[in-house]
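Read through the structure below, which is laid out as structure tokens, and then see the notes.
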Amino acid sequence: MVKKKKYFSFFGILAATVNKKLESLNCMILSVLSKAPAITKILLHKQLKPMKLYSTNNI
């Protein structure tokens with residue numbers, strides 16, 4: 001019985017590298033999405049408001 005030698009193929013290394021990059025990108029996207037409610041809350045809290053309300057009492 002002949003034993004086959006197991007070598008890393010070019011495509012195997014490429015697939016592992018791409019998988020690692022995709023996992024990193026996925027983690028980055030999930031991190032931003034998990035902070036989205038807090039970012040929205042901050043933006044709503046700091047929305048621009050008029051300095052003076054125009055009424056007849058304010059000149």
Side-chain angles (χ1 to χ4, degrees):
M1 203 166 171
V2 178
K3 291 184 180 180
K4 292 183 180 180
K5 294 182 181 179
K6 295 183 181 179
Y7 292 108
F8 291 107
S9 69
F10 173 74
F11 293 109
I13 295 171
L14 183 63
T17 304
V18 169
N19 189 26
K20 200 67 163 168
K21 294 284 185 183
L22 286 175
E23 285 179 8
S24 174
L25 185 64
N26 189 23
C27 286
M28 192 179 354
I29 291 171
L30 287 175
S31 172
V32 170
L33 288 178
S34 68
K35 294 178 185 176
I39 293 171
T40 306
K41 184 178 177 182
I42 291 170
L43 289 174
L44 288 174
H45 180 70
K46 294 188 176 196
Q47 66 183 348
L48 296 176
K49 297 177 184 169
M51 291 179 65
K52 284 188 178 181
L53 296 175
Y54 296 104
S55 67
T56 55
N57 296 335
N58 294 335
I59 299 176

Problem - Single-linkage hydrophobic cluster, 4.5 Å side-chain cutoff, Val18 and Leu25 together - result: no
Exercise for the section: Starting at CD1 of Ile39, measure out to CG of Leu44 and round the result to the nearest 0.5 Å. Expected result: 12.0 Å
Problem - Where Ser34 and Pro37 come nearest, the two heavy atoms and their spacing - result: O-CD, 3.7 Å
Exercise for the section: State whether the side chain of Thr40 and the backbone N or O of Ala36 hold a donor-acceptor pair below 3.5 Å, judged by distance alone. Expected result: yes
Exercise for the section: Find the distance between NZ (Lys20) and OG (Ser24) and round it off to the nearest 0.5 Å. Expected result: 9.0 Å
Practice task
State plainly whether one hydrophobic cluster holds both Met28 and Leu33, where clusters connect Ile, Leu, Val, Met, Phe, Trp and Tyr through side-chain heavy atoms under 4.5 angstrom apart.
Solution key: yes
Exercise for the section: Give, for atom CG of Leu14 and atom CG of Asn19, the distance between the pair rounded to the nearest 0.5 Å. Expected result: 11.0 Å
